[in-house]
Amino acid sequence: MTAEVEPGPRVLREARLLAREVAEQVAIDNGVCIRPVPYRRLDSLTGLAEVVNVPCGATLESKCPPCAKRNRQVRRAQCREGWHLEAEPVASAGEASEDQRWLVEFRANLQGQRDEAEHAGADAAVADLDAAIDAVDAEINAAGMSGNVLGRTAGQRSRSTRRRQDAPDLPRRVMKDTTLGRTFTGSDGKTYRPSLFVTLTLPSYGRVRGGMPVDPGRYDYRRAARDALHFSKLVDRFVQNLRRVAGYDVQYFGSVEPQKRLAPHLHMAIRGTLPRAEMRQIVAATYHQVWWPAADEVVYDGGHRPVWSAGVGYVDPASGEVLPTWDEALDRLGADEDAEPLHVMRFGAQADVQGVLAGSKDADQCIRYLSKYLTKSLGEPIGDGADGAARRAHAARLVDALRYEPCSPGCANWLRYGVQPKNAKAGLRPGRCRSKAHKPEHLGYAGRRVLVSRKWSNKTMGEHKRDRRSWVMAALGLDESSADPHRYVWQRAAPGDPDVGSAALRLLREVAARQRWRAELERLRARADAAGSEGSAVTETTVNTGWIREVSG
């Protein structure tokens with residue numbers, strides 16, 4: 001009988017949990033951002049400055065679970081508020097403020113100075129004024145104005161809008177100036193305002209079983225890669241066709257998530273309703289054509305790749321011939337009457353269309369389903385065991401197919417096919433594009449995971465967060481008007497500053513602060529309940545404490 005060998009010190013050390021990992025888990029359990037951004041906050045009234053940890057405000061695809069969870073909760077509220085509106089959302093922009101007018105006038109003066117400097121040939125002055133103009137443009141957007149004062153500065157290419165002969169025609173109704181769907185009166189005299197919940201998928205690329213290709217060698221990975229790259233454009237075209245057929249400004253809230261086979265598919269809540277037969281007709285008639293230069297024949301591969309020449313662009317390494325620019329390649333494509341699009345994509349035959357009534361259990365279930373996967377990347381979850389190994393191999397083959405596929409006009413992969421990318425610069429190498437579309441966690445889809453029309457709830461994410469804050473303040477009996485939003489001046493703090501501290505130390509402090517804030521929250525909630533209708537008076541210092549900022553998301 002062999003004696004059992006006790007594990008040595010090294011084995012014991014490797015089996016121990018890392019203290020930093022436990023600290024992050026504790027932070028997640030307490031709802032604390034694990035990647036806080038240090039900012040220096042200056043109080044304009046007292047002159048005091050302190051370092052404040054601001055949550056990373058991560059996107060819905062973030063790897064910071066607490067921030068992603070808070071954003072998902074806000075998205076749920078946004079979806080619920082806009083789905084079954086009974087009145088038109090107010091979309092009036094109002095009058096421009098004095099600050100906004102001053103910024104635009106200042107921008108006009110800078111433009112005049114730049115034109116004079118350019119006319120005089122003062123290149124240094126032109127460069128300085130360009131930098132100042134960029135800064136003012138950023139200030140204009142920060143002041144609550146969207147877009148650019150110059151509007152569209154680049155010309156837009158257009159091709160024939162004639163529909164493909166293999167796509168069915170769609171009926172068109174006269175557009176009405178409304179975002180609300182039809183109402184129906186039941187036999188009991190009650191008025192119903194139904195809406196739709198639609199799920200759209202991409203077509204088949206080969207037989208699959210359990211989400212995995214039965215025969216990977218016959219699975220069309222190239223087509224799957226191109227469909228994923230341009231999926232967002234197909235969704236845009238579906239919305240355009242939907243509005244033309246519906247005859248009103250259809251509003252929607254959608255989310256994109258992966259199927260088991262790792263192809264993106266769409267869940268969309270639609271305000272208003274259409275017959276299911278018409279919805280399926282719209283899906284069948286929707287397509288998107290990618291009018292890009294040919295990318296099927298490899299021109300440069302391996303060590304034989306284009307070379308950068310200053311002032312010229314990329315040239316052939318042997319002959320020195322300059323590669324056609326992106327605009328030149330598109331001009332050639334437009335002049336060829338027999339040219340075909342690089343890729344044509346459509347939705348698959350499976351289209352699920354459900355009618356949903358406001359306030360029903362189905363509506364709540366659909367809202368939860370829309371936000372179910374928003375905190376995960378498109379590549380999750382892979383899993384373990386034999387199925388996990390098969391999924392990882394399937395994902396690796398898809399990523400390999402995406403490696404040399406051009407993802408945008410500026411993608412470095414165009415050099416592989418003998419075309420200079422748009423706005424080409426030195427250092428580009430095919431197969432090393434930095435776009436997130438080529439990263440394994442995105443699997444080709446580089447668009448937004450959440451798709452919300454402009455008139456859905458008539459509120460931005462920031463406004464929904466402020467509504468959440470106001471609700472908390474009112475529930476606690478606090479006066480929100482006493483908090484001055486212009487009191488503090490914020491400035492990004494460098495991680496190496498002595499008063500900032502290490503990331504681990506800031507994380508521990510945030511956990512301790514969160515526990516204090518929760519205790520204070522419970523105390524104030526009990527105080528507000530006891531006060532009843534009389535409310536609860538608090539000082540301005542209490543209103544500005546950090547816990548209310550965190551509780552309100």
In chain order, what residues pass the side chain to side chain contact (heavy atoms under 4.5 Å, CB included) check against [X], with sequence neighbours excluded?
| X | answer |
| --- | --- |
| Q259 | T201, R261, A263, H265 |
| S453 | R243, Q251, Y252, W456 |
| A503 | R20, R506 |
| P66 | I28, C64, R70 |

Quick one: do the [X] and [Y] side chains pair a donor with an acceptor below 3.5 Å?
| X | Y | answer |
| --- | --- | --- |
| R75 | S371 | no |
| R271 | T179 | yes |
| Q73 | N71 | no |

Gap separating the CG atom of L398 from the CG atom of L402, nearest 0.5 angstrom: 5.0 Å

Okay, side chain of [X], backbone of [Y]: is any donor-acceptor separation there less than 3.5 Å?
| X | Y | value |
| --- | --- | --- |
| R391 | K260 | yes |
| D400 | A396 | no |
| N413 | G431 | yes |
| S195 | G272 | yes |
| R40 | A493 | no |

Over 12 foreign heavy atoms within 6.0 Å of CD, Q365: no

Pairing residues for Y39 by the ring-ring contact (aromatic ring centres under 6.0 Å, His included) criterion, not counting sequence neighbours: none

Results of salt bridge (Lys or Arg N to Asp or Glu O under 4.0 Å) for [X] - residues two or more places apart only:
| X | answer |
| --- | --- |
| D43 | R487 |
| R226 | D296, E405 |
| E522 | R525 |

Test log, rule side-chain hydrogen bond (donor to acceptor under 3.5 Å, both in side chains), inputs Q240 and D236: CA-CA 6 Å; Q240 293 174 10; D236 291 342; over 6 Å; no

Which residues satisfy the side chain to side chain donor-acceptor pair (under 3.5 Å) test with [X], sequence neighbours excluded?
| X | result |
| --- | --- |
| E24 | none |
| D128 | none |
| R397 | Y221 |
| T199 | H267 |

Full working for side chain to side chain contact (heavy atoms under 4.5 Å, CB included) between F197 and L370: CA-CA 10 Å; F197 184 78; L370 278 168; 3.7 Å; yes

Verdict with reasoning, Q354 to D352, per side-chain hydrogen bond (donor to acceptor under 3.5 Å, both in side chains): CA-CA 7 Å; Q354 302 177 22; D352 184 39; 2.8 Å; yes

Worked verdict on F231 versus H288 for ring pair (Phe, Tyr, Trp, His ring centres under 6.0 Å): CA-CA 9 Å; F231 185 73; H288 174 64; over 10 Å; no

